2 protein chains.
Amino acid sequence: MTDSVVLDPVDLEILRLLQNDARTTYRDLAAQVGVAPSTCLDRVNRLRRGGVILGHALRVDPARLGRGLQALLSVQVRPHRRELVGPFVERIRALPEARTVFHVTGPDDYLVQVAVRDMADLQRLVLDEFTSRREVARVETRLIFQQWECGPLLPPRDPHGAPSAYQGDENP
Amino acid sequence: MTDSVVLDPVDLEILRLLQNDARTTYRDLAAQVGVAPSTCLDRVNRLRRGGVILGHALRVDPARLGRGLQALLSVQVRPHRRELVGPFVERIRALPEARTVFHVTGPDDYLVQVAVRDMADLQRLVLDEFTSRREVARVETRLIFQQWECGPLLPPRDPHGAPSAYQGDENP
DNA sequence: ATTGAAAAGAGCAGCGA
DNA sequence: TCGCTGCTCTTTTCAAT
């Protein structure tokens, strides 16, 4: 399914450091990991090509952009068939208010994280873009008080005490 | 509350481009926006100081790290008081499986996005880290089929046809 | 695969307009 | 506020180990 990706401790440490600060230079990276800068570059490029690193995203403060209110909308799309949900997702993704769309199991089909200016804006969004649609059977709105990003994503530790290096799925 | 932040069309275009690829050089940025590279640097630094740009995040593929299964856990914490929820959030954030924690309105207090290896791993996580805790009154697990990040975050367009530049809250 | 050194390129400050 | 010039640091390449 995925390309062969083998991550040794050097790769893991680089990933961990870059997730803490994606702008760390190869020089600093090299110093902290204990290899040459050119080796770091090589590793990072390999992680890129291997699809482990998908890209670099700018973290922006929604409040400073006039979107101080965020919410999660649980949406039921009926009937839940490809010809309906495909366009639904694309339409939602195109909304300037949308941040993330989750397709999930359970009674509600989608969870949509949105960032809006204020309550009036949220009301407008829900009414105009969700409940007014025929394929949208139900919308439940939960406001987001606060949101925390968690620590760097790392491979799970092997529960059986196997070597710490993680080996991805192979597909030669 | 926030510093004075005024965003003109140049700032907005820079933000839009950087959200697509945060590693775009000032030179390329300048070429696409139509100003001098030094101006781009100046603008970006201002956006940094103004708190609009919070930092740079590395986007990583969880599946390539052996965390091919993601889920959203709705968690009810009872009693929902500061002395309980503070430590709860910190404990959850420290879990290597946790990606994002939302504090939300509604019957469930928290939404926790987790990335695990497989179903057995998810079961272990729910049982050991959530339902076994006394302050956790209820956990509802929804699996994530798929997840989409949406377009760049931009200021809302003014509904009254005012100038397109967005002016943040002032506090001189 | 990793390295050090050298070349190419980008970041950054100062200055003049 | 903008754009130019020049210096410094980073990134990237490459031959050798």
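Order of the sequence lines sets the chain letters (A, B, ...), proteins ahead of strands, with each chain counted from 1. As the structure is a computational prediction, the values presented were derived from the model and not from experiment.
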Which nucleotide sits closest to the side chain of [X]: [options]?
| X | options | result |
| --- | --- | --- |
| A:Val35 | C:dT3, C:dA1, D:dG3 | C:dT3 |
| A:Asp42 | D:dT13, C:dG11, C:dT2 | C:dT2 |
| B:Arg27 | C:dA10, C:dG11, C:dT2 | C:dA10 |
| A:Leu41 | D:dG3, D:dT12, D:dT1 | D:dT12 |
| A:Thr25 | C:dA10, C:dG4, D:dT11 | D:dT11 |
| A:Ser38 | D:dC14, D:dG3, D:dT11 | D:dC14 |

In this structure, how many angstroms lie between the [atom2] atom of [N] and the [atom1] atom of [X], rounded?
| X | N | atom1 | atom2 | value |
| --- | --- | --- | --- | --- |
| B:Leu18 | C:dG11 | CG | P | 10 Å |
| B:Asp28 | C:dG11 | CG | P | 9 Å |
| B:Asp21 | C:dA10 | CG | C1' | 15 Å |
| A:Asn45 | C:dA1 | CG | P | 14 Å |
| B:Asp11 | D:dC2 | CG | P | 9 Å |
| B:Arg46 | C:dC12 | CZ | P | 15 Å |
| B:Leu29 | C:dC12 | CG | P | 13 Å |
| B:Tyr26 | D:dT8 | OH | P | 20 Å |

Would the number of heavy atoms belonging to other residues, nucleotides or ligands and lying under 6.0 Å from CD of A:Glu149 be above 12?
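Buried by this count: over 12 neighbours within 6.0 Å.
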Are A:Glu97 and A:Arg117 close enough for a salt bridge, meaning some N to O gap below 4.0 Å?
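Looking at A:Arg117 together with A:Glu97, the answer is no, because their closest N to O distance does not fall below 4.0 Å.
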Any salt bridge linking B:Arg78 with B:Asp109? Criterion: basic side-chain nitrogen under 4.0 Å from a carboxylate oxygen.
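Looking at B:Arg78 and B:Asp109, the cut-off is met.
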Go through it in stages, so that I can follow the logic: the residues are B:Gln147 and B:Gln113, the test is side chain to side chain donor-acceptor pair (under 3.5 Å), and I'd like the CA-CA distance, side-chain angles, deciding distance and then a yes or no.
CA-CA 11 Å; B:Gln147 172 180 352; B:Gln113 183 183 0; 3.1 Å; yes
Please state whether the rings of B:His80 and B:His103 are parallel, tilted or perpendicular, taking 30° and 60° as the class boundaries.
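Aromatic pair B:His80/B:His103 classed perpendicular.
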Using a 4.0 Å heavy-atom cut-off across all strands, classify A:Arg23 as base, sugar-phosphate, or nothing.
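No contact at all - A:Arg23 keeps every heavy atom at 4.0 Å or more from the nucleic acid.
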Would one find a side-chain N or O of B:Arg43 under 4.0 angstrom from OP1 or OP2 of D:dT1?
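No, because none of the side-chain N or O atoms of B:Arg43 sits under 4.0 Å from OP1 or OP2 of D:dT1.
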